[in-house]
Number of protein chains: 2
Amino acid sequence: MSKLVENIGEAIRKTGLKDGMTISFHHHMRNGDHVLNMVLEEVAKQGIKDITVNASSIFDVHEPIIDHIKNGVVTGIECNYMGSKVGHAICEGIMEKPVIFRTHGGRPSDMEKGTSHIDVAFIAAPTSDDMGNCTGKIGKSACGSIGYAFADAMNADKVVIVTDNLVPYPLTGASIPEVYADYVVAVDEIGDPKGIVSGTTKITRDPVGLRMAEYAARVIDASGLLKEGVSLQTGAGGATLAAAKFIKEIMLERGIVGSFGMGGITAYMVDMLEAGCFRSLIDVQCFDLDAVRSLRDDPRHMEVSATQYAGVSGKSAAVDSLDVVLLGATQVDVNFNVNVHTDSNGYIMGGSGGHSDTAAGSKLCIIIAPLTRARLPLVVDRALTISTPGKDVDVVVTQRGIAVNTRYGKNKELKEKLIAAHLPVCEIEDLKKKAEELSGVPASLPLSDRVVAKVLYRDGTEIDTIKAVK
Amino acid sequence: MSKLVENIGEAIRKTGLKDGMTISFHHHMRNGDHVLNMVLEEVAKQGIKDITVNASSIFDVHEPIIDHIKNGVVTGIECNYMGSKVGHAICEGIMEKPVIFRTHGGRPSDMEKGTSHIDVAFIAAPTSDDMGNCTGKIGKSACGSIGYAFADAMNADKVVIVTDNLVPYPLTGASIPEVYADYVVAVDEIGDPKGIVSGTTKITRDPVGLRMAEYAARVIDASGLLKEGVSLQTGAGGATLAAAKFIKEIMLERGIVGSFGMGGITAYMVDMLEAGCFRSLIDVQCFDLDAVRSLRDDPRHMEVSATQYAGVSGKSAAVDSLDVVLLGATQVDVNFNVNVHTDSNGYIMGGSGGHSDTAAGSKLCIIIAPLTRARLPLVVDRALTISTPGKDVDVVVTQRGIAVNTRYGKNKELKEKLIAAHLPVCEIEDLKKKAEELSGVPASLPLSDRVVAKVLYRDGTEIDTIKAVK
């Protein structure tokens, strides 16, 4: 018995993929991913139409999907993040059905709750055996964690493992076990290693970024959370990485050992683990080669499913135990709602990812963003797109001031602590005013009434829509 | 947020356990298990009645369940194996509802298919954090694999983790993740280490056992399966272990590297891994301390769920890739049906465990058993209980002859190969005759018509019943 099939075309035929079905992909191959494009090309070749693509993220490398949309092969997209190339086309109205945006926690939970059905999942696996035991930890296309793919494997009707490193049965240390795999396809290359891991994430040297990072670190310190057992998630942005560096220095100086660092894991989090700042790392996605190596070799560095990371369908998720998260924003409004979906021209260029999941779960959610970008203000009356609701945001840190969210009856004590720590605390309206002084009040955008995307909160409810750009 | 509750009593109250519900347990604590007894004592104390206990196995240490049955606390038992103490009581008719016997693969699969519902699972966990990430690999009560508990965790409405080694969050390397855990209880002792791992499994020195072992090894060799990539499961019995020793010698001599050894894992399988006879071990349960150590320290030694080991609800299971399994029997009948449930007096003293799962999945299923036991013949006209159907059995090895199952149109070539290898091949009827010459024809047993247990095959269908002893 073997589940090996000749090629992706044969796998598609064997799954019984038909017009109108939903296929899924995970994004650990990031901007180096070949699998989504290979599969869609074959779907198109077989004359299958009206396919919904549920991918944890759509990157610029997936630009060919635009033609598949125009040709009627793809008629729906569901994702947690969409890069600007496909995002731009979507906002110009190329697809009739709105894109469904979920969060990294909401996506697997909607599958588990049955509100999101996957007919066929295609799982890019850097190493697999012929029965479908597979992992991202080893192989020429090693990407580390494949945590976003667990739910697809566990919930799709049919599961196809696509690998470029087929090993003899049984693969030990598999992340996804054979019980979920229907077919295994060996291909030459599931991705371009250069795109899979960026390897270039760097701490910012920009003085604005460094000032924000320092403020953020001081906010965490003043909050009282920076103590034994503290847990922290940072993104891969230059300013949040710089904040992590400041936090590391404080932790080492005071001998504080945290419980876990979490997130998409970067070399900086690995460095903090190895320096003794944390007892463990919780990893749903590796951002660079150091993270891949650490996940493979260090038993303190654990791979988790997206459900365990951030879902709402399990009995708990790691975000529920998270103390502090540092997040970015393209816009924040006066009610602390955050936009990470659209740019200032209204075009899609991102998505929640784990933004609203970690904001909701953490004790302290800090947004770090410069007061203006491309001569447009960060703070506005109403965020163009609400990605993360204001109720889950605690502090907004800019280079010109720090606003504490005391709406919703919380954070009064925190605000006093930050003032006592001589941090430049101000009101969110002050930040708006300062930003507008620098960049002027932006003209309202020429958006049509046509909805091109719906934004679902982690619990599956719709929290906003995105309109086509005129 | 923490899932810690004060004690088992509080956990039971919080789960909402009520009369008529089903609670589940796994058996990796084996004859040292404290958890099943502790829980039932508390259930009784709280006045809850009419409980069905679904335990992967019932051992002699669980004798107190007899009083709970008599008192109406427990009115149903479902298990894959039952030791003779409770088995004896069941066969005397103390419980109105028949015991439901499943296989190690059928039990999790029935849960996954929804044909077996668990209201509350109690999981004995040698180490856990306060959110329920847990493992059997470390802790004072370390038992190694907790593979039988995965399905309980994943499918029960409520899950209570019972541990005697609570560690700070997050436990890395957990076997069962927090997403499945509702409550965590810390107790003094989840088991008696002396009973958890026997540590005493020994290769037989009995000349009868050694002869059978040698025959079995020669059968495997003659079958042609003993080549590069071969996979093997043996039990923990003295004769099968001796057979493993003979096989090891052949493999080392010829430089054969097998793919995996599987099963309940013993020191002998670990020894074969470390000697290079296998590339890996697939472990659903550890039988001794060497197996526990190896599972903890050797990445080639992998823990699997019962579904991945032997289930029918997944897309495949490891048994589907198994070449050879060596199994025992209390009786074999002329149609090659095997009894491992009842002794020759009709009393329950065992169960399928993985017997029929591995028999069905393997390419070559060898039954090793002495021709007579306690002056009763091994081979009979009709097995008192059919545990494993004859269609899945290939060869019966006794010290006085080897019968090849050529019924069902298979194994004709195998029979010729064994004859060519000068093995003492005979018909199953010849074995019956020889056995009866030694021990006489047994008188028929005084069994009543009352069904005290039903035996379900791995697919959930009933293949036999067990009657009360008069």
Side-chain angles (χ1 to χ4, degrees), chain A residues 1-3 108-109 112 129-133 150 153-154 158-159 167-174 177-183 228-229 231 257 259-260 262 278-283 296 298-309 311-318 320-322 361 363, chain B residues 1-3 108-109 112 129-133 150 153-154 158-159 167-174 177-183 228-229 231 257 259-260 262 278-283 296 298-309 311-318 320-322 361 363:
Chain A
M1 185 185 175
S2 165
K3 297 175 182 173
S109 289
E112 281 155 20
D129 62 30
D130 68 340
M131 295 300 277
N133 294 294
F150 284 40
M154 294 170 80
K158 297 287 175 184
V159 175
V167 296
Y169 183 90
L171 171 67
T172 56
E178 64 180 287
V179 297
Y180 301 120
D182 291 281
Y183 305 107
E228 200 67 16
S231 55
V257 179
S259 52
F260 64 92
M262 184 158 74
F278 296 118
R279 279 188 276 105
S280 61
L281 295 181
I282 296 181
D283 189 342
R296 189 187 60 224
D298 192 332
R300 299 172 301 173
H301 185 160
M302 65 194 274
E303 179 181 26
V304 292
S305 69
T307 306
Q308 189 174 355
Y309 165 51
V312 293
S313 51
K315 268 74 179 269
S316 66
D320 303 329
S321 295
L322 182 62
K363 292 197 184 80
Chain B
M1 184 186 177
S2 165
K3 297 175 183 172
S109 289
E112 280 155 22
D129 63 32
D130 67 341
M131 296 299 278
N133 293 295
F150 285 39
M154 294 171 80
K158 298 285 176 186
V159 174
V167 295
Y169 183 91
L171 170 67
T172 56
E178 64 180 287
V179 298
Y180 301 119
D182 291 281
Y183 305 106
E228 200 67 19
S231 55
V257 179
S259 52
F260 65 91
M262 185 159 75
F278 295 118
R279 279 188 276 106
S280 60
L281 295 180
I282 296 181
D283 187 345
R296 190 187 60 225
D298 193 332
R300 299 172 301 174
H301 184 159
M302 64 193 275
E303 179 181 25
V304 292
S305 68
T307 306
Q308 188 174 355
Y309 165 50
V312 293
S313 51
K315 268 77 178 271
S316 67
D320 302 329
S321 296
L322 182 62
K363 292 196 185 80

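The sequence lines fix the lettering, A, B, ..., with proteins before strands; numbering per chain opens at 1.
Looking at A:Met262, there are no atoms closer than 4.5 Å to chain B (heavy atoms on both sides), in backbone or side chain. Only the backbone of A:Pro299 comes within less than 4.5 Å of a heavy atom in chain B; its side chain stays farther off. Contact annotation for A:Val304: neither backbone nor side-chain heavy atoms come within less than 4.5 Å of a heavy atom of chain B.
Of the listed residues (B:Ser2, B:Gly173, B:Ala181), the greatest number of heavy-atom pairs within a distance under 4.5 Å of chain A belongs to B:Ala181. When B:Gly311, B:Ala174, B:Ser259, B:Gly132 are compared by the number of non-hydrogen pairs under 4.5 Å with chain A, B:Ser259 comes out ahead. The most heavy-atom pairs under 4.5 Å with chain B, out of A:Pro168, A:Ser280, A:Gly314, A:Pro170, come from A:Pro170. Contacts with chain A were tallied for B:His301, B:Glu303, B:Met131; B:Met131 has the most, counting heavy-atom pairs under 4.5 Å. Between chain B and the options A:Ser321, A:Ser313, A:Ser305, heavy-atom pairs under 4.5 Å are most frequent for A:Ser321.
Distance check: B:Lys158 NZ to A:Lys315 NZ gives 6.5 Å after rounding to the nearest 0.5 Å. To the nearest 0.5 Å, atom OG1 of residue B:Thr172 and atom CG of residue A:Asp298 are 8.5 Å apart. A:Ser316 contributes atom OG, which lies 5.0 Å from atom CE of B:Met1 (distance to the nearest 0.5 angstrom).
Contact check for A:Asp320 versus B:Glu178: no side-chain heavy atoms found under the 4.5 Å cut-off.
Proximity of a side-chain donor or acceptor of B:Arg279 to a complementary backbone N or O of A:Leu171 within less than 3.5 Å is not detected.
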